[in-house]
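A, B, ... follow the sequence lines: proteins, then strands. Residue 1 opens every chain.
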Protein chains: 2
Amino acid sequence: MEATPKIEPIISTTMADQVEERLREYITHKAFRPGDAIPKEVELAEALGVSRNVVREALSRLRMLGMIDTKKRRGMILTQPDILSGLERMMHPHILGTDTRKQIFEFRLVLEVGQAALLFVRKTDEGIQKLEAIVKQESQVLTIQEKVDCEIAFHSALYEMAGNETIKRFQAMLMPVFEYVVEYETDHDFHTVGSVTHRDLVNILKNGTPEEFTSGMLKHLEPHLLRLA
Amino acid sequence: MEATPKIEPIISTTMADQVEERLREYITHKAFRPGDAIPKEVELAEALGVSRNVVREALSRLRMLGMIDTKKRRGMILTQPDILSGLERMMHPHILGTDTRKQIFEFRLVLEVGQAALLFVRKTDEGIQKLEAIVKQESQVLTIQEKVDCEIAFHSALYEMAGNETIKRFQAMLMPVFEYVVEYETDHDFHTVGSVTHRDLVNILKNGTPEEFTSGMLKHLEPHLLRLA
DNA sequence: ATTGCACTTATGTAGTACATATCGATGCGA
DNA sequence: TCGCATCGATATGTACTACATAAGTGCAAT
């Protein structure tokens, strides 16, 4: 524990922070729709009683999140944000803490298992053929790198078939951290594999049930799961 | 289709955008650790050949994401970012598109099912007792609102027991969107429930296996899953 | 009606000035 | 020598001004 156990509730909330919050309230609270215009910078500055500088800092943040779009004379309009834009900017393993990395590691495992919920609704013959091709290629692989590539290709193809772009992107962003944890913060090998192989999973996908698939995926990931505290 | 099929590859990349990117590269590429100091605003401005204003807009974004922390005379230091800070700012149902909302809806279903991967590693007696208390309370409930509250409480308690703060927070952020979709964009009731009840899930958690739990959760969520296209 | 040009306007960038908090040193007194 | 208060020095926070730049707007000419 630190010397001061619980003091310092004051957080230096700067003007830009406050303005950002007010603007987000303004944008989300009202019945605004994408495409609607919002007041000019100078008007906002005057209305909020701050300098244009502060307003611009707040707007700059919202722009980064994709909540607004600004053009030179047109002014600013609301846009529907890219909910993962914030995430992708900080998914670098070594700027995160070990605890966060571990949670992200677990997050991916959860996604892999839960996928089945969508997979059996969306599965297609082409998707399965693609998976089979990867499995076949995997059996002829020699180097470790090739094996890892196949591993990633297989699971990417699964997400592809699940038909949820958000989950797919999210998982892709998780991967670098996942690999980092496997590489540096666990004692077993990346490609240690459970009693259920990729080939088994494909077969379940073809002829089995969602229940069987989740069971299979749990078995497939068992080496990872056993490592959890 | 528009009149011009493929023109307009130019994206007005502003100075602040570029500086933000450069700073992120600078922060992530090097072997920096949380706590390390980064150059002063004026130094950055001079080094990058832009005004201090632009640098501050970029820094303001990184500060929002929790990547840096600044104090009055101390300067700026790297911090380990809160990976969900960006997300929570835009999880408002009505500023998202219907497609995004649907994907978030699915995302939660996937998490619910995949949870089992962690749940059986982390389950505790106290957690199960808490779940049982909720189930018991649920059986005596009268109004719809109370029923919904129990629903939320039950699933929150599950995430609590899973012991992954990131997933728990993430799920909590998903919920408003999930409820919105159920309320306005599906034709069945919120509390339509599958053939497996909360009580069944608790029993599986006590005496069953992860495989049985995922199966049970799939059944529990079946009304939602059947609605997916 | 379309093209071309000047004008207007809102954002983007630069620069200056000052406020504010905080670190560090200096000096005073016990 | 050890506090303790005071006083700069310094980096961020805020305000203000000025101008550049892109993009509508409207008018005029062909």
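The aromatic ring centroids of A:Phe105 and A:Tyr180 lie 6.0 Å or more from each other. Taking the six-membered ring for Trp, A:Phe107 and B:Phe170 have ring centres closer than 6.0 Å. The aromatic ring centroids of B:His220 and B:His155 lie less than 6.0 Å from each other.
Between A:Arg56 and C:dG12 there is a side-chain N or O to OP1 or OP2 distance below 4.0 Å. One finds no side-chain N or O of B:Ser51 lying less than 4.0 angstrom from the OP1 or OP2 phosphate oxygen of C:dT13. For the OP1/OP2 pair of D:dT12 and a distance below 4.0 Å, the side-chain nitrogens and oxygens of A:Thr14 include no atom meeting the criterion. For D:dA11, neither phosphate oxygen OP1 nor OP2 lies less than 4.0 angstrom from any side-chain nitrogen or oxygen of B:Lys72. A sub-4.0 Å separation between OP1 or OP2 of C:dG12 and a side-chain N or O of A:Arg63 is present. Phosphate proximity of C:dG12 to A:Thr70: present, with a side-chain N or O under 4.0 Å from OP1 or OP2.
At whole-Å resolution of the value, NZ in A:Lys40 and P in C:dT9 are 9 Å apart. Nucleotide D:dC16 holds its P atom 13 Å from the CZ atom of A:Arg52, rounded to whole Å. For the pair A:Glu57 CD and C:dT11 P, the computed distance is 16 Å after rounding to whole Å. The distance between atom CG of B:Asp17 and atom C1' of C:dT11, rounded to the nearest whole Å, is 13 Å. Remark: C1' of D:dT14 and CG of B:Leu59 are 16 Å apart, rounded to the nearest angstrom. What separates CD1 of B:Ile77 from P of C:dC23 is a distance of 12 Å, to the nearest Å. Rounded to whole angstrom, the span from the CD atom of A:Gln18 across to the C1' atom of D:dG13 amounts to 12 Å. Computed from coordinates, the A:Asn53 CG to C:dA19 C1' distance equals 14 Å when rounded to whole Å.
Counting non-hydrogen atoms under 4.0 angstrom, B:Val42 reaches nothing in the nucleic acid.
With DNA chain C read from its 5' end, the first of the two nearest nucleotides for A:Pro39 and B:Arg74 is the one closest to A:Pro39. For B:Ile38 and A:Gly49, each mapped to the nucleotide of DNA chain D holding its nearest heavy atom, the one lying further toward the 5' end belongs to B:Ile38.
Among the nucleotides C:dT9, D:dT14, C:dG12, the one closest to any side-chain atom of A:Met15 is D:dT14. Listed nucleotides: C:dT13, D:dT12, C:dG15. Nearest to the side chain of B:Met76: D:dT12. Minimum atom distance to the side chain of A:Val54 is reached by D:dT14, of the listed D:dG24, D:dT14, D:dT12.
In the interface, the side chain of B:Arg73 is not paired with the base of D:dG13 through any donor and acceptor atom under 3.5 Å apart.
Of the N and O atoms on the side chains of A:Glu112 and A:Tyr159, at least one donor lies less than 3.5 Å from an acceptor on the other residue.
The backbone N or O of A:Ile68 sits nowhere less than 3.5 Å from a side-chain atom of A:Arg63 that would complete a donor-acceptor pair.
With contacts defined as side-chain heavy-atom distances shorter than 4.5 Å, the pair A:Lys102/A:Asp99 does not qualify.
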